[in-house]
Amino acid sequence: MRNKSLLLILFSLFTLIPGGCQKEKSEDTEIVIAEQFGLAYAPLQVLKETGALKDAPEGTRVRWVRTANATAIREAMAAGRMDIGFMGIPPFLIGADRGMDWKVFGGLSRSPLGLVTNLPELRTLQDFAPHHRIALPQPGSIQHILLSMAAERILGDPQVLDGLLVTLSHPDGMNALLSATEVSAHFTAPPYLMKELNAPQGHLLLSGEEAFGGPFTFIIGVTSAASAKKVEPFLPFLMKKIDEACVFLNENPEEAAKMLAPSYNLPEEELLTLLTAEGTRYGTEVLGLNRFIEFMHAAGYLEQPLSAEDLQYRP
Amino acid sequence: MKKQLSPWVNRSLYILILLVVWEATARYSGVSPLVLPPVSGVFKVLFSSLLDGSLAANTLLSLGLIAAGLGIGSTLGILLAVGAARWKPARDLVDTLLLIFHPLPGIALFPLVILWFGVGYFSIVILIVHSVLWPMVTNLLSGFESLPEIYRMVGTNYQLKPAAFSFYILLPGSFPQFIAGFKIGWARAWRALISAEMIFGAAGGLGGLGWFIFKRRVFMDTPGIFAGLIVIIVIGMLVEDLIFTAVEKRTVLRWGMKS
Amino acid sequence: MKTLLEAKSLAVSFSSGAGSRRIFSGIDLTLKEGGFLSILGPSGCGKTTLLKILAGFHHADSGTVTHGGKTVTGPEKQRLMIFQDFQQLFPWMTVLKNTAFPLRFSGLPRPRREALAADYLERVGMAEHLASYPHELSGGMKQRVALARALVTRPDILLMDEPFAGLDAPARKNLRALVTNLWSDLGLSVIFVTHDIEEALVLSETLLLFSRGTAKDYPLELPRPRDESSEAFRNLREDLYSEISSLRG
């Protein structure tokens, strides 16, 4: 009696344990691509709208998955449940530092980012007092690392503002800032960035490029070594299609705005303003990888000495 | 008949088996340690974060928030339930409130709570109070309803004033339901707390256990996530076994009010 | 002896669905100070309803009840009811606390309250169970405690609703003796509802026969202590049996 129930428990435990070992085989290769929601992912939205991936190499099927943040993509890729993902550079580096075997295969977009406040007394980072609160998506996000970079340069210590941080998603962060509760500044991205800047008293404390000290790629495409074999025939095709989508977005923003307005649930004119905003640029080049590695290592966010060279995808 | 052993003997055995299965899976199944870290690694992180005081501070903060939420929630629950039991319009109001709020998960209220109360400890306590209050009121009202009529008659015969009747007869007579409500409240308070902390993060640099887990997660420290979970599990076991069991032994079991 | 409680032409009917059913009517009764009045009748004839009306828990459709000259409008602590239900003690209080509970609102300090309670518990033979909880007691012990709790505030009148009905014969016998002793020692005034002829004969000074919606005084001339084997007792019992049978018709 007792032995039987014990066996049963053991058995159910084993079946509960997630594993990379039991992948279901089918004739078609299914490639799972993870993205997030936002204007920075517009090239992927173009691919979906135009059906550009339909003529993928034979035997390849694409499945899109949308997640709420880079952490979820990272975890799914670590468990072997996703093949390709799009995210900011810092979450990618943190994963690589913790031992994830994954590579960057290209960029997707650059975007204006910024720290916005609606408090007149806040003009620079030096004006922050202990009672102020800064909202951003999460520790280790690109917004957090950019803030740390600026804190190091302006205040001399990358972690000096960490005690003021509040983790909030972009929309919650905007609500908190505009409702004038304790959130005094919000490090965010379009379209929240523009909405907050247009609100009464809204002004920019720090732009992403000021913080970084130059242009950088906001979103990159990543693939895991475990999926290398599977994605090898597909990746050049995907990169070419992304490149075409980027060109389309950069050169025909009006047409793109018309195409994407329903999926972003924004009026066409507003979407056009956002697509053509200064600092928004779509392209597959990867800018700033080295600088992120250097800074994050020096500030203690990365433990291993990573090399940008080794992190590039090579077929 | 087998001799009755302390539940801890059997429980320890199963926990030990679980740990062995875990360690074996982590070591020999080829699963990445980022997905399932070995037990040894988890305990290393657990002890180091306990020793350097960070985990202890996070835990104490969480327990403090839960205590505040449970305290406020139970007190409000008692006041609402007693009010409803004494006064018909209050009963209708409480029934309506229950209908609206009881099925509403705390997490669905986050956007509103952020808008109205911001993202500080106060908001977290509000969410805990919300998750404690309604099950407490429901349980107390059902306790009041199942109060034997004869206690009421004895109270009436002694011409007890409504306040004295509520305090000396109605509430102790509903103590089993109060404890049941408190247990549900305790479990829900944890859920509310952890999810709130994972959404709000830390206020003023210090966060609770939810924040501890969340931070470990965003920095992909899987052993750290497990360490946080273990602390939550251990606290749950200790409270269930030491506090709830002891309280029941001294009250409803002692009084013969629970079979 | 002066009259303590008086009921005049009480009538009660229960309305159920279409019509209403008369329970009883034209009931008169009187309890003198230091009296012991038993209301004797078969089960289900409305004795408990009558007692609850005397206590003030229910209202009669017509008729009046006066206690010390004042009309009864609701339950009062000067007129305490002891129920048939063994669960009338509070399970969350010890025997001592249960007994001392009514004194909580008397203004006496706690040690004084508990001393008084312990004193009455000793009188009912429960001195050794002060720290027990009700669920640990037998039915007879619970009723003893209920008696002590009712006595501790020294009410004018005790209204006892078949308090020993659920007990076995020896326990009933002991409790009858206890009630008789307490009544004479403390000078209690009691109205006692029972369906048991012997119980009524052992305990009562006056007797009210209750049947088919009416009641009738029954003269009771029996010396105390009451000896159940005496000829007078046996004759009275026979007489009562036939009286009740004739009442039933």
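Proteins come first, then strands; the chains are lettered A, B, ... in the order of their sequence lines, and each starts at number 1.
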- prompt: Relative to chain B, which of Gly74(C), Pro91(C), Pro102(C), Ala55(C) shows the most heavy atom pairs under 4.5 Å?
  reply: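 Most heavy-atom pairs under 4.5 Å with chain B: Pro91(C).
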
message: Please check: side-chain N/O of Asn157(B) versus main-chain N/O of Lys77(C), any donor-acceptor pairing under 3.5 Å?
response: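 Such a contact is absent between Asn157(B) side chain and Lys77(C) backbone.
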
Would you compute the distance between atom [atom1] of [X] and atom [atom2] of [Y] and round it to the nearest 0.5 angstrom?
X         : Y         : atom1 : atom2 : result
Ile150(B) : Gln84(C)  : CD1   : CD    : 9.5 Å
Trp92(C)  : Arg254(B) : CH2   : CZ    : 16.0 Å
His135(C) : Trp255(B) : NE2   : CH2   : 11.0 Å
Phe57(C)  : Arg152(B) : CZ    : CZ    : 12.5 Å
Tyr158(B) : Phe101(C) : OH    : CZ    : 8.5 Å
Gln88(C)  : Met153(B) : CD    : CE    : 10.5 Å

I'd like to know whether [atom1] of [X] has more than 12 heavy-atom contacts from other residues, nucleotides or ligands below 6.0 angstrom.
X         : atom1 : value
Phe167(B) : CZ    : no
Lys8(C)   : NZ    : no
Glu122(C) : CD    : no
Arg11(B)  : CZ    : yes

What part of [X] lies closer than 4.5 angstrom to a heavy atom of chain C: side chain, backbone, both or neither?
X         : value
Phe175(B) : neither
Pro148(B) : neither
Leu160(B) : side chain

message: Strictly less than 4.5 Å between heavy atoms, which residues of residues 143-155 of chain C line up against chain B? Please order them by number.
response: Arg149(C), Ala150(C), Thr153(C)

- request: Return the minimal non-hydrogen interatomic distance between Gln159(B) and Pro75(C), and the atom names on each side.
  value: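 Gln159(B) and Pro75(C) have their closest heavy atoms at CG-O, 3.6 Å.
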
